[in-house]
Amino acid sequence: MQTIQIYNSLTNKKEALIPIKEGYIGMYVCGPTVYSNVHMGNVRSFMSFDMIYRYFLHLGYKVRYVRNITDAGHLTDDDAEDKISTKARLEKLEPMEIVQKYTIDFHQILQEFNFLPPSIEPTATGHIMEQIKAIETIIDHGLAYEINGSVYFDVLKYNETENYGILSKRKIEDTIENTRILEGQSDKKNAQDFALWKKAEPEHIQRWDSPWGTGFPGWHLECTVMSTKYLGKEFDIHGGGMDLKFPHHECEIAQAQACNHINPVKYWMHGNMLTLNGKKMSKSTGNNILPRELLSGENDNITKAYTPSVVRFFMMQAHYRSVLDFSNDAILAAEKGYNRLMESLKLLKQLKSGPNSTFKVSDWKQKCYDAMNDDFNTPILIAHLFEAAKFINLIQDEKEFLNSEDLTDFKATIHLFINDVLGLDNKSKIDHNSNKLDGVVEMLIQLRKEARDDGNWALSDQIRNDLSELGIHLKDGKDGTSFSIK
RNA sequence: GGCGUCGUGGCCGAGUGGCUAGGCUGGGCUCUGCAAAAGCUCCUACAGCGGUUCGAAUCCGCUCGACGCCUCCA
């Protein structure tokens, strides 16, 4: 099996991936908060982990991939003023109605972008009992306290024996200094303590009964509880966006340690941000672009629509740990490159083997693996795929050759990395009329050939130009004319 | 203010002590009736200033700039 070097945010260096149980990988990724549409920034993050998941599967690991849906807490009623009014039930916004709407939307988007579904997709609201139990455990262990219907994690006490800041590399003194000012009238003993359970104020429309009264769980708790439940007290990989590192992931470590006395995660992975106009995409600031807008072209930041595969390709051309700036020019360039790659891939099917091989497929193949094994370096992988595209074209022109064994391997490897690992979907749309269309184009090519043989360039060019306007491009080669439909 | 990441050719984006990816764009050539496509080729960069080193885009220091986190966030 290949050895993967994986960048661990906990140690800030690349380490060899050695699963806790050989052959198995437990991976938890923080999912979306389903109170609004996911934007492209969210999609990028999930896509990085989709690629990683795909690669693990390809290597033959048995992976349990857990990605949660955050559907509890945080939600307040805009109409708080009306809370006592006798509004009819149906007129009020039902929290689960919102959750349902955006969960469906989220799934549809991911499907459009050819995501593999995770093994388990648990929801926070489905694990309220477990969260309450976890809080009780933490209280029992003396690391949380209840005040006024809320329960807080005692960060200072925890820090006496453990290291709060182990992941984010923050010193607790700095945390104290910088939070004190912000939190004036809180119930908390210390400003840096975080909520495990929040008392529900009247405007909170999601609420559950608990030993501490009516309320809702703190945001950080769900991930601790669900990862532990499905992956165990100690598991291999925890992923998420860079922006979750602090406080969310730091708190997760603290909670898990407080519950189970064990460092829960072996490898922490953080995907970097997708920026728009040089700034992080964000729901709150409105600086974002929605997946559907990208697919329909309806956004002021873009001049045209893009296919899901082009978008995916664009994302994969950057390393998951680098900031990627989204712009029309950048994705337009990616689209051109992608199309070129796909054109050469179409030739791949019809490629004929030669008597011998003029380049070493095995070397090239290993370079592809090396790229992926080096912390999932998809940009390098893609560079190698472009190299392959060049070879495909040269083989087609009979300037390079592969024997049948190498050719089979070459085809399989390209298919593997393009489709299985990168998740690029080059299937052409199933069109029952495509055969008829092909026939018509072939007929026109034949007519044009006759015109060309007669030296009737005017007619010949007219056929070519008219077809071109319809998106059908003719290419005159040595062995006759071929065409591609865009 | 604190902590952290980063600054690569016209653009996007890898690399991270010597062998200097890839894509897009632009120029040239081959092929071609002309195109297109394809191939070949040219434009050789690492914010600035110091330092370490035989050698630095890569390590160290400083300066400038950008971004992220510190509040819900992928």
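Order of the sequence lines fixes the chain letters, A, B, ..., with proteins taken first and strands second; residue numbering starts at 1 for each chain.
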Taking the P atom of each, how far is rG2(B) from rA56(B), in whole Å? 34 Å
What stems show up for RNA chain B when you take Watson-Crick pairs (N1-N3 plus N6-O4 or O6-N4) and G-U wobbles (N1-O2, O6-N3), both under 3.5 Å, and require three or more consecutive pairs? B:1-7 with B:64-70, B:10-12 with B:22-24, B:26-30 with B:38-42, B:47-51 with B:59-63
Let's see if you get this right: which residues in residues 107-123 of chain A place a heavy atom under 4.0 Å from RNA chain B? none
Contact check, residues 357-376 of chain A vs RNA chain B, heavy-atom distance under 4.0 Å, returns none
Using only atom types and a distance under 3.5 Å, with no angle test, would you say the side chain of Gln462(A) pairs donor to acceptor with the backbone of Ala458(A)? no
With no hydrogens and no angle check, is any side-chain donor or acceptor of Glu293(A) less than 3.5 Å from a backbone partner on Asn299(A)? no
What nucleic acid atoms does [X] come within less than 4.0 Å of, heavy atoms only: base, sugar-phosphate, or nothing?
X: Lys279(A); answer: sugar-phosphate
X: Gly240(A); answer: sugar-phosphate
X: Gly278(A); answer: sugar-phosphate
X: Gly455(A); answer: nothing
X: His248(A); answer: nothing
X: His319(A); answer: sugar-phosphate
X: Leu274(A); answer: base

Answer yes or no: side-chain N or O of Arg170(A) and base N or O of rC69(B) forming a donor-acceptor pair under 3.5 Å. yes
Just the rounded figure in Å: distance from [atom2] of [N] to [atom1] of [X].
X: Asn465(A); N: rC34(B); atom1: CG; atom2: C1'; answer: 11 Å
X: Asn393(A); N: rA36(B); atom1: CG; atom2: P; answer: 16 Å
X: Glu250(A); N: rC69(B); atom1: CD; atom2: P; answer: 16 Å
X: Arg321(A); N: rG4(B); atom1: CZ; atom2: P; answer: 18 Å
X: Asn12(A); N: rC3(B); atom1: CG; atom2: P; answer: 16 Å

Does rA74(B) have its OP1 or OP2 closer than 4.0 Å to a side-chain nitrogen or oxygen of Thr33(A)? yes
Side-chain N or O of Lys283(A) less than 4.0 angstrom from OP1 or OP2 on rA74(B)? yes
What are the atom names and distances for every N/O pair under 3.5 Å that joins the protein to nucleotides 40-45 of chain B?
residue, atom, partner, partner atom, Å
rC40(B), OP1, Lys390(A), NZ, 3.1

Near Asp453(A) CG, under 6.0 Å, is it more than 12 heavy atoms from other residues, nucleotides or ligands? yes
Nearest-nucleotide check on RNA chain B, Lys14(A) vs Phe46(A); residue mapping nearer the 5' end is Lys14(A)
With nearest nucleotide decided by heavy atoms, which residue, Lys245(A) or Asp397(A), maps closer to the 5′ end of RNA chain B? Lys245(A)
Measure from the ring center of Trp364(A) to the ring center of His384(A) and say whether it is less than 6.0 Å. no
In B/S/- notation (B base, S sugar-phosphate only, - none; protein heavy atoms under 4.0 Å), nucleotides 21-33 of chain B written 5' to 3' is BSSSS-------B
For residues 36-47 of chain A, which side-chain donor-acceptor pairs fall under 3.5 Å, sequence neighbours excluded?
residue, atom, partner, partner atom, Å
His39(A), ND1, Asn42(A), OD1, 3.1
His39(A), NE2, Asn42(A), OD1, 3.2
Asn42(A), OD1, His39(A), N, 2.9
Arg44(A), NH1, Asn272(A), O, 3.2
Arg44(A), NH1, Met273(A), O, 2.8
Arg44(A), NH1, Ser322(A), O, 2.9
Arg44(A), NH2, His319(A), O, 2.9
Arg44(A), NH2, Ser322(A), O, 2.9

Proximal nucleotide (of rC70(B), rG13(B), rA74(B)) relative to the Pro247(A) side chain: rC70(B)
Using 4.0 Å as the upper bound for N to carboxylate O, is an ion pair formed by Lys367(A) and Asp370(A)? no
